[in-house]
Amino acid sequence: MESLSNWERSCYCGEPGLAQVGQKITVMGWVHARRDHGGVTFIDLRDRSGLVQVVCNPQVSPAAHAAAKDVRLEYVLAVHGVLARRSPETVNPNLPTGEVEVSASELRVLNPSRTTPFPVDDSIIPTENARLRYRYLDLRRPQMYENLRLRHRLAKLVRDYLDSQGFLEIETPFLTRSTPEGARDYLVPSRVNPGAFYALPQSPQLFKQLLMVGGVDKYFQIVRCFRDEDLRADRQPEFTQIDVEMSFVRPEDIFRLTEGMMVRLCHEIKGMELSLPFSHLTYAEALARFGNDKPDIRFGLELRELTELFRETDAQVFTDVITKGGVIRGIVVPNATFSRKELDDLNPLAVSFGAKGLAWVRLTATGWQSPLAKFVSDEKKREITVALGLKEGDLLLMVADQEKTVCDVLSRLRLYLGDKLGLIPKDEMRFLWVTDFPLLEYDEEAKRYVAMHHPFTSPHEDDLPSLETEPGRVRAMAYDLVLNGVELGGGSIRNHRLNVQQRVFAQLGIGETEAQDKFGFLLEALSYGAPPHGGIAFGFDRLVMLFAGAESLREVIAFPKTAKAVCLMTQAPSPVEPKQLRELSIKLDL
RNA sequence: GGGGUCGUAGUUCAGCUGGUCAGAACGCCGGCCUGUCACGCCGGAGGUCGCGAGUUCGAGUCUCGUCGGCCCCGCCA
């Protein structure tokens, strides 16, 4: 093992080309491959930029050739030599540096490596278990480096854009106080205040509002947030938000700012030109047409309302549901070439989505083909066929149940069909604003209303009078940004008027005493000339994931956690010393 | 908390209805080779089949439990 001493790297491995032929260069990196021909040894040296072939020829340097004999995969080398042009028959067209090679005059082993637990190569992707345990090896794979680089570039573009729009990046505390509502908090015990805990922020929500009261006017932060909830492919316990807040704004101002940002990101990263403005749907429209509030609008297969069309039929499975206040909705698959088996397989799928069953009608040359055919009169069949514009070959898939279940099942079925039928243009970026969310949602378990967005969201001005009389019907000045069916961000105009905030708290069952206790600082701030303000926050990890075309957040996070919120590399979380617990006045009860 | 799925050599995997099923490729170790780039050739080492019970004459294979990875539901203002 040798030291770097006075050696200085002259270029990255992926950089040398014909222009540098004849120059003495020094490259450093990892041994990606070694081909020993006895007389001459080839080493592919890799760093983050790519590969270059190093030739160790005893006629050039006996020492380098001898040193190359003991070199193994993933050893760290420094190589000094002349960049040579390869003879035409030895050019490797698959390598960006394939026209040249480094003729080694000196080769230093800076560090050996044990045999790695898996190959450092994009050709075989090891199990996620191994990748996460040895993340530093996984990160050597070109794909992972590209993901990290993409993440960096996006962050920089976001910063530059918001800076150009007059925003200040301001840090807010990580050690803050736990607040009711929302996700479970990660708690941090306070040593100097025994029995008291900080909470890691689920988002800097209140701080950014207080910055507005502080006259900052335009704030942003690319900031870590923490939520102690169960994980998913698109959910990590700590994740990064692009957090934005502005004063004296309407939703349109937030839309314009966001659209400008996304236009720039898509242009710079993908060379795509987005058309503006983005599509808009109200929450009610989204639910009616797509069955959920984050529809993928890259393809059709919209939901169809069928309740009235089937009300006067003898199809008892349908009429029973209608009697119980349920609905019937469906999806028309144009020109469906499903085999009978494929059709039958849809039923258990629908059941797995929560349906009791899946009804279908296929329009053939001879009319309706359907298990329901004998329960529907010919006249009704004609009426339904016309109403839905069914054509020969079309397939109508139907679910009857309570509205929520129907929406749920059909929205998932729609995505499944879109994917299976190849209707989703994978390289499109279709942004969508979803607006007019309900302010409140009735929580059956808690037997009270809870905030759909968060408790600081402003009710729609027009609905303000009915906040107490019809709380469930009040719309919020809240909006979500959806990209290709993924909820990318959400925000709202906040309550800047003290009395409105107090009225919302009251609807949430937060009494005056509790409000003072938990949010006193906010209510106080609102009483000192808080400007109208609002903002938005984007899931930065999800943004990177979508731009990378990755299937999981873990692909774009350097050191992610498993589905059980464990870091397989550091083995966090871990038990701590009794002494640490004593200092914190904490006793374990396991 | 619930459901599904996976766990066999360092890695990726094969191993059928229980009975030569302890296998392949790559990697690793040794040897040969001066133009390879998935180098080639010869030889070799390497596995408590995640772990624990059970069924059976016999379990990698079946059953139950358990641990871990992944996916989903609940949860995620």
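Letters A, B, ... mirror the listed sequences (proteins, then strands); counts begin at 1.
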Using atom P of each nucleotide, how far apart are B:U20 and B:G58 to the nearest Å? 15 Å
Answer whether the closest heavy-atom distance between the side chains of A:Leu432 and A:Pro295 falls below 4.5 Å. yes
Sequence neighbours excluded, which residues qualify as ring pair (Phe, Tyr, Trp, His ring centres under 6.0 Å) partners of A:His460? none
Nucleotides 7-11 of chain B: which of its N/O atoms have a protein N/O under 3.5 Å away?
| residue | atom | partner | partner atom | Å |
| --- | --- | --- | --- | --- |
| B:G10 | O2' | A:Pro117 | O | 2.7 |
| B:U11 | O4' | A:Pro117 | O | 3.2 |

Side chains of residues 404-419 of chain A: which donor-acceptor partners sit under 3.5 Å, not counting sequence neighbours?
| residue | atom | partner | partner atom | Å |
| --- | --- | --- | --- | --- |
| A:Ser411 | OG | A:Cys407 | O | 3.1 |
| A:Ser411 | OG | A:Asp408 | O | 3.0 |
| A:Arg414 | NE | A:Gly300 | O | 2.8 |
| A:Arg414 | NE | A:Leu301 | O | 3.4 |
| A:Arg414 | NH1 | A:Asp296 | O | 3.3 |
| A:Arg414 | NH2 | A:Asp296 | O | 2.8 |
| A:Arg414 | NH2 | A:Phe299 | O | 2.7 |
| A:Arg414 | NH2 | A:Gly300 | O | 3.0 |
| A:Asp419 | OD1 | A:Lys426 | NZ | 3.3 |

Contact list for RNA chain B against residues 500-515 of chain A - heavy-atom distance below 4.0 Å: none
Test: ring-ring contact (aromatic ring centres under 6.0 Å, His included). Region: residues 476-521 of chain A. Which pairs qualify, not counting sequence neighbours? A:Phe255-A:Tyr479, A:Phe456-A:Phe519, A:Phe505-A:Phe519
Side chains of A:Gln202 and A:Asp185: do they bring a donor and an acceptor to under 3.5 Å? yes
So, does A:Arg85 use its side chain to make a donor-acceptor pair with the main chain of A:Val21 at under 3.5 Å? no
Do A:Gln221 and A:Tyr219 have side-chain atoms, one donor and one acceptor, less than 3.5 Å apart? yes
Using a distance-only test with no angle check, is there a side-chain donor-acceptor pair under 3.5 angstrom linking A:Arg494 and A:Ser492? yes
For B:C39 versus B:A59, give the span between their P atoms, rounded off to a whole number of Å. 43 Å
Residue-level proximity of residues 61-81 of chain A to RNA chain B when a heavy atom falls under 4.0 Å: A:Arg72, A:Leu73
Quick one: list whatever passes side-chain contact (heavy atoms from CB on, under 4.5 Å) with A:Phe226, sequence neighbours left out. A:Phe174, A:Tyr186, A:Leu200, A:Pro201, A:Arg224, A:Glu238
Do A:Leu77 and A:Val31 have side-chain heavy atoms sitting under 4.5 Å apart? yes
By the salt bridge (Lys or Arg N to Asp or Glu O under 4.0 Å) test, which pairs, at least two apart or in different chains, include something from residues 34-57 of chain A? A:Arg34-A:Asp36, A:Arg35-A:Asp44, A:Arg46-A:Glu74
Of all residues at least two apart in sequence or in a different chain, which pass the side-chain contact (heavy atoms from CB on, under 4.5 Å) check with A:Ala563? none
Polar pair under 3.5 Å, donor/acceptor by atom type, side chain A:Arg227, base B:C76: no
Can you run down the ring-ring contact (aromatic ring centres under 6.0 Å, His included) pairs that involve residues 49-90 of chain A, sequence neighbours left out, and say none if there aren't any? A:Trp7-A:His80
Under-3.5 Å N/O pairs linking protein and nucleotides 70-72 of chain B:
| residue | atom | partner | partner atom | Å |
| --- | --- | --- | --- | --- |
| B:C70 | OP1 | A:Ala563 | N | 3.4 |
| B:C70 | OP2 | A:Ala563 | N | 2.8 |
| B:C70 | O3' | A:Arg554 | NH2 | 2.9 |
| B:C71 | OP1 | A:Arg554 | NH1 | 3.3 |
| B:C71 | OP1 | A:Arg554 | NH2 | 2.9 |
| B:C71 | OP2 | A:Arg554 | NH1 | 3.4 |
| B:C72 | OP2 | A:Ala233 | N | 3.3 |

Protein within reach of the bases, or only the backbone? For nucleotides 37-44 of chain B, mark each nucleotide 5' to 3' as B, S or -, using heavy atoms under 4.0 Å. B-B-----
In whole angstrom, give me the gap between the P atoms of B:G60 and B:C72. 34 Å
